[in-house]
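Notes for the one structure printed next.
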Amino acid sequence: MSNSDVLIQVKDLYKVFGDKPESVMPMVKAGKSKDEILAETGHTVGLKEIDLEINRGEIFVIMGLSGSGKSTLIRHFNRLIEPTAGEIIVEGTDVMKLNTKELEQFRRHKMSMVFQRFGLMPHYTVLDNVAYGLKIQGVDKSVREQKAVEWLETVGLKGYEEQYPNQLSGGQQQRVGLARALCTDAEILLMDEAFSALDPLIRSEMQDQLIELQHKLNKTIIFITHDLDEALRLGDRIAILKDGLLVQQGEPEEILLNPADEYVEAFVKDVNRARALTVETVMKEPEHRITAETIGEALKEMKRGAYDYGHVVDDSGSYQGTVTQEWLEEEAKGGNADSTWEEADLTETTTITSDAVLETVIPETLEADHPIPVVDEEGQLQGELSRSSLAEVLVDSSETESESVENQKV
Amino acid sequence: MAEKSWLTDIPEMDRSSLLQLRKTMDGAYRDFSREYGDSIEAFFDPLLTFLIWFEKLLLNSPWWLVLGVIAGLAYAASRSAKLTIGVAVSLVVVGYFGMWDDTMRTMSIITVCTLISIVLGIPIGIAMARSNRVQSTVTPMLDIMQTMPAFVYLIPVVMLLGIGRIPGVIAVVIYAIPPVIRLTNLGIRLVDKEVLEAATAYGANPRQRLLGVQLPLAMPTIMAGINQTIMMALAMVVIASMIGVKGLGQPVLKSITNQYFTIGLLNGLAIVVLAIIFDRVSQAYGKRTQAHLGGGHE
Ligand SMILES: Nc1ncnc2c1ncn2[C@@H]1O[C@H](COP(=O)(O)OP(=O)(O)OP(=O)(O)O)[C@@H](O)[C@H]1O
Ligand SMILES: [Mg+2]
């Protein structure tokens with residue numbers, strides 16, 4: 001999924017708001033807290049010691065509570081905010097070293113941005129709004145309008161070209177915002193709480209649309225949200241900010257399963273894990289692989305290992321079916337001990353794929369008498385999912401927490 | 001109680017020093033105007049030529065043509081037939097009462113003063129919006145311009161340029177320009193931060209931001225400023241007539257000294273008619289062009 005083709009690097013970034021940010025830097029570096037510094041000097045620490053690497057083609061989600069510095073951080077990527085210290089390197093260019101003209105060019109071609117309250121030009125038509133980036137670049141009217149029409153169609157707003165933003169619903173306005181961002185063909189997309197102003201249904205529609213577009217376009221997206229469900233749904237990797245400090249970054253499962261501190265844990269607590277995790281994160285190596293070619297041999301193999309079910313695979317590791325000791329014995333009694341799997345007419349068992357969301361496989365897992373096999377697209381057996389391992393991850397994290405507290409007491 | 005004390009009376013500069021101060025300042029200014037008066041007059045010459053030309057144009061064209069053009073402009077600006085008819089009828093009534101020529105003179109000077117105020121005021125307003133330092137320097141100057149009695153700054157203008165149209169225009173502009181400056185500044189500062197940020201994020205340079213986003217979005221506020229400027233210019237008409245500006249102000253002035261109530265009233269009403277025409281037309285124009293600006297963000 002994430003190869004290590006680093007597109008954006010943030011190194012040791014600090015941002016202090018106030019009249020004399022430089023003068024406060026020693027205190028910040030000495031590790032004084034945000035509140036202390038505010039009380040003593042009247043300066044607000046926006047960001048502190050941020051180190052990040054964002055890979056080409058991934059959706060990188062930055063998450064945190066209100067005031068944690070998310071907007072401040074995302075505005076550093078295109079230098080809408082100047083850092084107090086630190087470097088931002090995009091494809092080898094140090095953004096901090098660009099002069100005014102270079103910075104304008106950089107903003108025009110490298111990055112585009114989607115805003116929480118849409119940031120559309122109220123005096124332009126929808127079409128002109130979408131074409132805005134190209135207009136700024138000086139692209140011919142006919143060319144840019146043609147492109148804008150195409151992008152409007154892509155986001156599902158065909159026919160709205162001549163409307164004005166205030167004639168559109170919030171969801172439609174944000175689609176215009178998205179089309180405007182895509183219209184410049186910039187490689188990097190900055191989205192600051194782009195869907196937060198929308199109601200839940202429209203929001204999840206927009207998330208779907210973004211995911212679908214991302215499959216086609218393969219942009220590098222930096223997405224800000226304060227909603228963990230959204231982060232888990234969209235993010236290839238997630239970074240969590242707290243009071244301007246990066247407390248954890250990693251893949252969604254990592255954050256869900258191993259929260260770095262109480263702050264992250266509090267975030268993670270209310271997440272519906274069944275919806276957030278995929279089979280891959282929970283499945284285990286198949287315990288019993290049966291490589292025997294006939295029923296009799298399989299039965300022997302099973303008795304030798306003293307287990308009562310197994311997943312049958314052929315020489316190439318391709319999954320054939322799952323058998324229980326009971327069934328094998330019955331077949332053997334019926335005189336089929338020598339039949340191969342084809343002859344024996346292996347009963348169909350349900351299989352699941354590793355990228356399925358846990359929620360969707362709960363019924364199958366609970367119904368089966370044995371762990372159900374996880375099989376990939378080529379038919380290879382990848383692993384198995386047992387009732388107990390499913391139950392283990394789905395148990396409310398707060399319960400496990402109280403358990404561990406009790407354990408400590410003992 | 002013969003003795004004066006600073007406890008009972010405010011300490012005063014002694015009379016001879018005060019006299020000296022007055023003499024020096026007046027002298028210096030007189031020297032200045034003697035020295036530069038001519039070149040300053042020469043500087044304003046093109047403006048004077050234009051003023052005279054414009055006034056002649058309004059006065060010498062047949063009344064129905066002028067009326068037609070004004071009505072046409074009113075319609076072009078407001079797209080309202082009702083308003084256009086109202087403008088035409090009230091002008092005809094004003095003409096019927098024998099005030100056509102004076103109305104045209106006043107209209108020409110108001111138009112010119114408004115144009116000058118816009119041309120000077122909007123750039124100053126923009127500069128104020130760009131920099132807090134400029135704002136804090138210009139604001140007190142505007143306060144002075146608006147509160148200083150108009151008669152006071154008539155004096156140096158008249159000393160410098162004598163009596164006539166140009167000093168009149170200068171006095172009117174000084175009095176009328178503050179609203180357009182203030183509201184241009186305010187309008188630009190109030191532009192939605194996120195919209196401006198969007199423009200910046202897409203790589204707009206300062207000029208593109210100003211012309212593409214800030215001015216268009218500030219336009220309703222700027223229009224309100226222009227509207228106020230026009231009203232204030234009209235309010236100055238009578239005072240300006242004291243230094244030789246011809247128009248509706250002069251009959252009013254005459255009727256004060258001679259106690260001609262009806263003439264004063266009629267000319268006063270003609271000024272009101274002009275004010276209403278300018279006000280309604282400019283407001284209708286503003287509303288029509290900014291139909292999409294309201295409620296851009298629900
Ligand atoms: N221009 C500014 N001047 C002073 N302080 C600022 C400025 N901008 C942001 N801050 C401070 O920096 C901190 C981070 O603000 P930021 O807007 O980045 O938070 P956020 O995570 O985006 O919050 P939200 O979810 O509410 O948008 C806050 O404490 C805020 O008060
Ligand atoms: Mg924010």
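All of these numbers come straight from a predicted model, not from anything done at the bench. Throughout, protein chains are lettered first and strands after them, A, B, ... in sequence-line order, and every chain is numbered starting at 1.
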Residue of the set Arg180(A), Arg108(A), Arg107(A) for which side-chain contact (heavy atoms from CB on, under 4.5 Å) holds with Tyr202(B): Arg180(A)
Quick check on Ala181(A) against chain B: is it the side chain, the backbone, both or neither that has a heavy atom closer than 4.5 Å? both
Option that, when pairs with chain B are counted at under 4.5 Å, heavy atom only, ranks first among Arg75(A), Met111(A), Gln137(A): Arg75(A)
Short question: side chain of Glu104(A), backbone of Gly203(B) - any donor-acceptor pair under 3.5 Å? no
Looking at Phe278(B), I want to see if its CZ is surrounded by more than 12 non-hydrogen atoms of other residues, nucleotides or ligands under 6.0 Å. yes
Using a 6.0 Å cut-off, check whether atom OH of Tyr160(A) has over 12 heavy atoms from anything other than its own residue. no
To the closest 0.5 Å, what do you measure between OG1 (Thr200(B)) and CG (Asn78(A))? 9.0 Å
Check: Leu80(A) main-chain N/O paired with Glu197(B) side-chain donor or acceptor under 3.5 Å: no
Max heavy-atom pairs within cutoff under 4.5 Å with chain B, candidates Lys135(A), His123(A), Met113(A), Arg79(A), goes to His123(A)
Asn99(A) atom CG, neighbour heavy-atom count above 12 within 6.0 Å: yes
More than 12 non-hydrogen atoms from neighbouring residues, nucleotides or ligands closer than 6.0 Å to CD on Gln146(A), yes or no? no
Chain B contact via Tyr124(A) - which portion, at a heavy-atom distance below 4.5 Å: side chain
From the list Val213(B), Leu196(B), Leu217(B), side-chain contact (heavy atoms from CB on, under 4.5 Å) partner of Met121(A) resolves to Val213(B)
For Ala198(B) and Gly119(A) the tightest heavy-atom approach is CB-O, 3.4 Å
Show your reasoning for whether side-chain contact (heavy atoms from CB on, under 4.5 Å) applies to Glu194(B) and Gln116(A). CA-CA 9 Å; Glu194(B) 206 174 52; Gln116(A) 178 168 3; 4.2 Å; yes
Under 4.5 Å from any heavy atom of chain B - which part of Ser112(A): both
Which atoms of Phe115(A) approach chain B - backbone, side chain, both or neither, heavy atom under 4.5 Å: both
